[in-house]
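See structure below.
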Amino acid sequence: MSGSLATALRVEALLWRRSTVRRISTPLLVALVPVASVGMTALARSGAVAGPGAAKLADYAVGPLGATHLAVCGQVLSVALLMAGGFALAAAFGQPLADGRAGALFGLATPRGALALARCVVVVGWAAACAVAAVGLTVGLSAAATAAAGEAFGPEAWEGAGRTLVAGLLAAGLAVPFAAVATATRSPLATVGALIGVVALTQLVVVVGAGAWFPYAVPSLWTGTGGPDAAAAVNPAALWLTAAVAPVATTAVVHQWRRLTDV
Amino acid sequence: MTALLLDAVGHAFRRRTALAGLSLEVSPGEVVAMVGLNGAGKTTALRVLTGRLRPASGTARVLGEDPTSMAMRTARRFGHVVGTPLVSPDLTVAENVRVAALLHGLPDRELPAAGAVIDALDLGPWTGAPARTLSLGNAQRLGIACAVVHRPVALVLDEPTSALDPRGVVLVRELVRSLADDGAAVLVSSHHLDEVARVADRVVVVHAGRVVGELEPGGSDLERRFFGMVLDADTADAAGTAA
């Protein structure tokens, strides 16, 4: 690792540690996702929900308890990490351009490209750590809940935990293009608008049946949002395509920051 | 060797001309003040000099290098505050200075000594305070501290005393003079003619995107001579247009 990148990582890690976005979103991701996963499954199996709500929760009302907890966790996490990562990168890249702080990053011994790369690594690394923590906590809560229900936390639950973790990591990587959007628009709000637009577009793509190949639909479909058939339609090539989004977008962002002008 | 150079630099934002062949140079050990009315082109010139704006024509050099593609060894000797400084509102004063030292390429072993700039600019009482809680004047001093923490040999400051109280003005003036006395080339833009007269070795007048003359810093009635120079430039432009 070059000295410049090491310095950039050190600085960006400190900036991210102090940021308000991180302080707010970390507990939401790490605590709320596991609680929602176990809570929604319990709600579905309680019989307390009737009408359209019950139909929405029907998939969670049956099947092994542990595997269901982890499936719900994957479905929530794949959207939550994309949104949190997108917001984080919108703030980290868009705000300094909007308020003029980016201008101070010119003429430094630490190149802007190294700073942009470090910023992507730090934010995606944070999102990945949140995914690991959320899945770990869900496994812990689920193990306790299955034991209380007299069920075993079986191999299918562990397989679900692995799938959920991979889906979370993929979703974190899918946030990186929004760093490029923030750089191009120089606006965190416009970037959030683009993020919401992509989420809406993903719904449309899934409705027309092309979701298995659309990277932004892949993590949640693979964890069962569209049912078992839709999950089975996501093949390894689609997963690799989704995984490629982060490195390609990171390369683009670094190039953008190297070529930045009129700041 | 000229440390800071703008040579026949021209630039327009859409149809509005911001720089019209502006040329100036600053030698090592020299403080040059750039004065002019709002919209004269001062900040645009400084943005070109710091690599933030690629001009449509002309040449910019910092320590002999193009500021848009400065080598790391050159960047280590350069500092600037043009507009928003190298300050994060979420970090404390001490953390901001430390981060600036790192980004300017100072090695770890020199970081403790770099903190001396906090005392030099009288920011000691706010060392542990987040930058977002500072008053405008203290925030401006912090920005300057972050720009000079590595004792640059070429320094560009845009309106460095605009928000400072009289004591802050004196501190910044002494800092700028001490850097120049150590051999640094300093280019300062300002609206405050009396202030620049106290700190600058030369005062260049910028108007309508170009240098229209120089004022003697030690002379009397600086304001009258400044407006006279601006009026002469406008009159000459009007005559040229009519012809």
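What's counted below: heavy atoms across the whole structure, side chains too, no hydrogens, waters or symmetry copies. Just so it is clear, the model here is predicted, and its values are computed rather than measured. Throughout, protein chains are lettered first and strands after them, A, B, ... in sequence-line order, and every chain is numbered starting at 1.
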Side chains of A/Trp126 and A/Thr26: any donor to acceptor distance under 3.5 Å?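 Side-chain D/A pair, A/Thr26 to A/Trp126: present.
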Chain A contact residues among residues 62-75 of chain B, heavy-atom distance under 4.5 Å: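 Listed by number: B/Met70, B/Met72, B/Ala75.
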Residues from residues 141-162 of chain B approaching chain A under 4.5 Å (heavy atoms): none
Electrostatic pair B/Asp201-B/Arg177, nearest N-O below 4.0 angstrom: yes
Looking at every heavy atom in both [X] and [Y], which two are closest together, and how far apart are they?
| X | Y | answer |
| --- | --- | --- |
| B/Asn96 | B/Ala131 | ND2-CB, 3.5 Å |
| A/Trp257 | A/Thr183 | NE1-OG1, 2.9 Å |
| B/Leu136 | B/Ala163 | CG-CB, 3.8 Å |

If you count heavy-atom pairs under 4.5 Å with chain A, which of B/Thr44, B/Leu86, B/Val48 comes out on top?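 Highest number of pairs under 4.5 Å: B/Leu86.
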Side chain B/His207, main chain B/Ala40, donor-acceptor under 3.5 Å: no
Which atoms of [X] approach chain A - backbone, side chain, both or neither, heavy atom under 4.5 Å:
| X | value |
| --- | --- |
| B/His104 | both |
| B/Arg77 | neither |
| B/Arg47 | side chain |

Is A/Arg17 close to chain B through its backbone or its side chain, or both, or neither, when contacts mean heavy atoms under 4.5 Å? neither
Non-hydrogen atoms of chain B under 4.5 Å away: do they reach the side chain of A/Leu260, the backbone, both or neither?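 A/Leu260 touches chain B through backbone heavy atoms alone.
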Any A/Arg101 side-chain heavy atom under 4.5 Å of B/Pro89 side chain: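 Yes, their side chains come closer than 4.5 Å.
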May I ask you to test the B/Val82-A/Phe106 pair for a side-chain heavy-atom distance under 4.5 Å?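 Side chain of B/Val82 against side chain of A/Phe106, heavy atoms only: no contact under 4.5 Å found.
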Apply the side chain to side chain contact (heavy atoms under 4.5 Å, CB included) test between B/Val99 and each candidate in A/Thr7, A/Leu15, A/Leu14; give the one that qualifies. A/Leu14
Parallel, tilted or perpendicular for B/Phe13 and B/His11, by the 30°/60° rule? perpendicular
Salt bridge (Lys or Arg N to Asp or Glu O under 4.0 Å) for B/Asp90 and A/Arg22? Distances and angles first, verdict last. CA-CA 12 Å; B/Asp90 294 328; A/Arg22 184 204 61 80; over 6 Å; no
For B/Arg61, look at atom CZ and say whether over 12 heavy atoms of other residues, nucleotides or ligands are found less than 6.0 Å away.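 Enclosed: over 12 neighbouring heavy atoms sit under 6.0 Å from CZ of B/Arg61.
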